[in-house]
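Right, one structure below, let's go through it.
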2 protein chains.
Amino acid sequence: MDQNKIPQATAKRLPLYYRFLNNLNQQGKKRVSSKQLSEAVKVDSATIRRDFSYFGALGKKGYGYNVEYLLGFFRSTLDQHEVTEVALIGVGNLGTAFLNYNFLKNNNIRITMAFDADQEKVGKDIGGIPIYHIDELDEKLKDIKVAILTVPATEADTITNKLVEKGISGILNFTPARITVPENIRVHHIDLAVELQALVYFLKHYSLDS
Amino acid sequence: MDQNKIPQATAKRLPLYYRFLNNLNQQGKKRVSSKQLSEAVKVDSATIRRDFSYFGALGKKGYGYNVEYLLGFFRSTLDQHEVTEVALIGVGNLGTAFLNYNFLKNNNIRITMAFDADQEKVGKDIGGIPIYHIDELDEKLKDIKVAILTVPATEADTITNKLVEKGISGILNFTPARITVPENIRVHHIDLAVELQALVYFLKHYSLDS
DNA sequence: GAGAAGTCGTGATATTTTTCACAATTGAGT
DNA sequence: ACTCAATTGTGAAAAATATCACGACTTCTC
């Protein structure tokens with residue numbers, strides 16, 4: 001859309017900055033330097049300054065950044081002024097964890113409905129979020145553009161196709177399946193087993209250095 | 001240790017390749033090309049060939065890769081012949097999801113114990129994994145080198161320090177807190193709120209291209 | 001066994017991301 | 001008002017990662 005020049009690596013760090021700034025603000029802190037931020041979020045201070053600089057000159061030389069100003073800036077950049085509604089598909093263990101997870105704390109993202117194939121679960125609600133049957137996707141999933149996918153891997157493709165048909169824009173996929181979607185739809189994969197295996201691999205092969 | 005030359009980006013993809021090769025092998029497939037792999041795991045075929053090439057010439061020109069051979073190679077590279085024991089700290093919603101998650105399917109990583117501060121949970125077990133009180137960390141956490149951290153953010157630092165004292169090598173941190181550890185300890189962060197926010201950001205600012 | 005189609009491995013190149021390092025500027029202290 | 005320590009923003013360089021493109025080799029078909 002507008003700011004296509006912002007590197008992806010930078011974009012991925014924005015929510016992290018936002019959260020920490022929010023904390024600082026709640027603590028009543030007025031100013032912060034890239035060095036302090038760096039220690040808190042574990043990102044090199046030069047990288048932080050570079051990230052911020054894509055949005056213009058947000059700080060003052062010799063002073064640092066004004067917390068309130070920076071927070072306000074990120075709030076509008078990250079669209080925190082409007083609520084983004086998200087649907088969760090698959091109310092298993094992981095799905096349930098999400099429904100109980102309070103995304104709203106610092107964050108204008110809200111899971112507003114969940115779907116599952118299990119009639120036992122349908123009709124109930126978890127954390128105030130209603131659970132519908134997966135066959136009700138068509139009627140219930142109105143303008144929701146983002147879905148969290150926590151179904152069994154075997155169901156991933158079928159359900160993805162349904163979501164695509166319904167005009168979804170983004171999927172956060174916790175399934176081990178690498179789902180196939182049209183190229184205008186964005187999928188982020190979070191693969192828990194892969195993450196754990198990668199960590200173990202790093203420990204065995206890269207120990208004692210970065 | 002040995003193969004410090006392997007790029008981190010490559011190392012992170014290895015478990016993904018491994019899992020897919022395992023699937024192929026179970027399906028009785030004998031050969032696979034980088035192009036087929038590419039479609040399945042959504043990684044450019046040239047990148048896959050490059051990744052493999054760090055380990056030497058694993059394929060045959062004009063033919064592709066022998067599934068069984070490649071699988072065996074990755075099995076030893078990823079240390080799948082020996083079991084890696086992992087401890088889980090924090091048996092909340094997310095922690096419970098992990099205990100029920102079957103890491104063993106394609107994978108020699110096993111959660112062998114869990115810890116929590118809640119006396120209600122201590123003494124029980126979930127998915128066959130015993131839950132100890134967090135104060136028992138000292139006695140119970142013998143040679144375990146990897147921990148999954150699923151405690152509330154407020155507890156993250158305290159518990160991290162305990163783990164560090166006990167000689168942990170790696171932590172998979174699901175806490176929003178950016179924990180501080182000595183530099184010989186490796187931490188991977190999986191920050192669910194950040195991932196979701198980043199996805200939403202990409203949808204709003206990068207739509208209709210990469 | 002000759003030709004065609006398929007595929008790897010990799011040098012070269014492009015792209016992305018991180019880091020260095022320093023001039024410019026600011027605020028605080030005296 | 002002056003000095004000094006702190007800090008930004010950024011050009012330039014470095015490092016990491018991804019991709020292109022092609023020679024060399026393999027298998028398949030006729």
Side-chain angles (χ1 to χ4, degrees), chain A residues 3-14 16-17 21 24 29-71 73-74 183 189 198 201-202 205-206 209-210, chain B residues 3-14 16-17 21 24 29-71 73-74 183 189 198 201-202 205-206 209-210:
Chain A
Q3 294 296 71
N4 273 23
K5 313 116 192 176
I6 287 150
Q8 299 219 2
T10 296
K12 287 185 184 168
R13 285 188 289 265
L14 297 182
L16 193 58
Y17 298 147
L21 287 170
L24 282 182
K29 291 276 193 309
K30 293 298 175 201
R31 59 185 272 192
V32 65
S33 69
S34 62
K35 199 173 161 219
Q36 292 169 296
L37 265 164
S38 170
E39 280 158 21
V41 301
K42 317 288 183 200
V43 172
D44 187 90
S45 66
T47 301
I48 292 175
R49 292 199 300 282
R50 175 77 59 193
D51 282 348
F52 288 1
S53 76
Y54 293 116
F55 299 99
L58 303 176
K60 274 189 213 168
K61 297 180 179 181
Y63 174 86
Y65 301 90
N66 178 296
V67 171
E68 205 165 354
Y69 174 75
L70 201 54
L71 185 61
F73 184 83
F74 275 120
E183 65 175 18
H189 297 275
Y201 182 83
F202 277 115
H205 299 268
Y206 291 71
D209 51 17
S210 107
Chain B
Q3 293 296 71
N4 273 24
K5 314 117 194 177
I6 287 150
Q8 298 218 3
T10 296
K12 287 185 184 169
R13 285 187 290 264
L14 295 183
L16 194 58
Y17 299 147
L21 287 170
L24 282 183
K29 292 277 194 308
K30 292 298 176 201
R31 59 185 271 193
V32 65
S33 69
S34 63
K35 197 172 163 222
Q36 290 170 299
L37 264 165
S38 171
E39 280 158 22
V41 300
K42 317 289 183 198
V43 172
D44 187 273
S45 67
T47 301
I48 292 176
R49 292 199 301 280
R50 176 77 64 195
D51 283 348
F52 288 1
S53 77
Y54 293 116
F55 298 99
L58 302 177
K60 274 190 214 166
K61 297 180 179 181
Y63 174 85
Y65 301 91
N66 177 296
V67 172
E68 206 164 355
Y69 175 75
L70 202 54
L71 185 61
F73 184 83
F74 276 120
E183 64 175 20
H189 297 275
Y201 181 82
F202 277 115
H205 297 269
Y206 291 71
D209 52 17
S210 112

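Throughout, a chain's letter reflects where its sequence line sits, starting with A, and its residues are numbered from 1.
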The ring-ring contact (aromatic ring centres under 6.0 Å, His included) partners of A/Phe52 (sequence neighbours excluded) come to A/Tyr17, A/Tyr65, A/Phe74

Between [Y] and [X], is there a side-chain heavy-atom distance shorter than 4.5 Å?
| X | Y | value |
| --- | --- | --- |
| A/Leu21 | A/Val32 | yes |
| A/Lys12 | B/Tyr201 | no |
| B/Lys5 | B/Tyr54 | no |

Contacts of B/Glu39 meeting side chain to side chain contact (heavy atoms under 4.5 Å, CB included) (sequence neighbours excluded), chain-then-number -> B/Lys35

Sorted by chain and number, sequence neighbours left out, side chain to side chain contact (heavy atoms under 4.5 Å, CB included) with A/Lys61 holds for none

Residue pairs passing the salt bridge (charged side-chain N to carboxylate O under 4.0 Å, His left out) test with at least one member in residues 46-56 of chain B, sequence neighbours excluded, are B/Arg13-B/Asp51

Rounding to 0.5 Å, atoms CZ (A/Arg31) and CD (A/Gln36) come to a distance of 8.0 Å

To the nearest 0.5 Å, atom CG of B/Leu37 lies from atom CG of B/Leu24 at 6.5 Å

Nearest heavy-atom contact between B/Ser34 and B/Ser45 is O-CB, 3.6 Å

In B/S/- notation (B base, S sugar-phosphate only, - none; protein heavy atoms under 4.0 Å), nucleotides 20-30 of chain D written 5' to 3' is BB-BBBBS---

The correct set of residues in residues 32-43 of chain A placing a heavy atom under 4.0 Å from DNA chain C is none

Outermost contacting nts on DNA chain C, any atom under 4.0 Å from chain A heavy atoms, listed 5' then 3', are C/dT17 to C/dG27

Margin query: Checking B/Asn66 against B/Leu70 for the side-chain contact (heavy atoms from CB on, under 4.5 Å) test, could you report, in this order, the C-alpha distance in whole Å, the side-chain angles of both residues, the deciding distance, and whether it holds?
Written below: CA-CA 6 Å; B/Asn66 177 296; B/Leu70 202 54; over 6 Å; no

Parsed dot-bracket for DNA chain C after applying the Watson-Crick and G-U rules with both distances under 3.5 Å and | for other-strand partners is ||||||||||||||||||||||||||||||

Rounded to whole Å, OH of B/Tyr54 lies from P of D/dA16 at a distance of 11 Å

- OP1, OP2 of D/dA6 versus side-chain N and O of A/Tyr65: anything below 4.0 Å? no

Within the 4.0 Å heavy-atom criterion, would you say B/Phe52 contacts the bases, only the backbone, or no part of the nucleic acid? nothing

A/Tyr206 side chain to B/Ile6 main-chain N or O, any donor-acceptor pair under 3.5 Å?
-> yes

Across all chains, not counting sequence neighbours, the side-chain hydrogen bond (donor to acceptor under 3.5 Å, both in side chains) partners of A/Lys29 are none

